[in-house]
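The structure presented is a predicted model; accordingly, all values stated were derived computationally and were not measured. In this chain, residues are counted from 1 in sequence order.
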Amino acid sequence: LEWERGRVFDHEVGVMFQRLVKESPTAKVVTVTTKEGKLGRPTPLNTVELLKIASHSLGMGAHHTMQVAERLYIQGYISYPRTESTAYPQHFDLMEAVRAHQRHGIWGEYVKSLVTMGLNRAKSGVDA
């Protein structure tokens, strides 16, 4: 959030502006500034990191997090969640895993574009 005084880092001031915007029937955008950035591919999460992120970012308890991870694993969306390894085996065929989702009703078209463009090998992790 920026205004004439510069960037706002104070939470209470930000909340005050949020309230003003919500209560106003109209607003005018004066300028828009965009920045292009590039983030590297993340390394896979191990169990401890998964639990930390789910707790901090989503407010999920450890038991619920592991239940969700188990369901995602059973449905084929993620690798086995109860591991301290963040490395994929050398023989893991990423393209084969991705192709399995080409007919999915929601993200199938996106998966087809990934297959067409090609995939980059994931960052190497740590095999615990």
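Residues forming a side chain to side chain donor-acceptor pair (under 3.5 Å) with H63 (at least two apart in sequence, or on another chain): Q67. Here H104 pairs with W107 under the ring-ring contact (aromatic ring centres under 6.0 Å, His included) rule; sequence neighbours left out. By the side chain to side chain contact (heavy atoms under 4.5 Å, CB included) test, L72 pairs with V68, Y77, I78, sequence neighbours left out. Listed by chain and residue number, K112 satisfy the salt bridge (charged side-chain N to carboxylate O under 4.0 Å, His left out) test with E109 (two or more places apart in sequence, or in another chain).
Residue pairs meeting the salt bridge (charged side-chain N to carboxylate O under 4.0 Å, His left out) criterion with at least one member in residues 96-106, sequence neighbours excluded, do not occur.
Counting heavy atoms of neighbouring residues, nucleotides and ligands inside a 6.0 Å radius, atom CD of Q75 exceeds 12 of them.
The distance from the NE2 atom of H101 to the CG atom of L114 is 11.0 Å, given to the nearest 0.5 Å. To the nearest 0.5 angstrom, L51 atom CG is 9.5 Å from M60 atom CE.
For S113 (side chain) and Y110 (main-chain N/O), a donor-acceptor pair under 3.5 Å exists by modelled atom type.
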Pair up each side-chain donor or acceptor in residues 20-35 with any protein partner under 3.5 Å, not counting sequence neighbours, and list the distances.
residue, atom, partner, partner atom, Å
S24, OG, T26, N, 3.4
S24, OG, T26, O, 2.6

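Between T65 and A54, the shortest heavy-atom distance links the atoms OG1-CB, 3.3 Å.
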**Prompt:** Passes side-chain contact (heavy atoms from CB on, under 4.5 Å), L50 versus N46? Steps please.
**Reply:** CA-CA 6 Å; L50 169 67; N46 62 28; over 6 Å; no
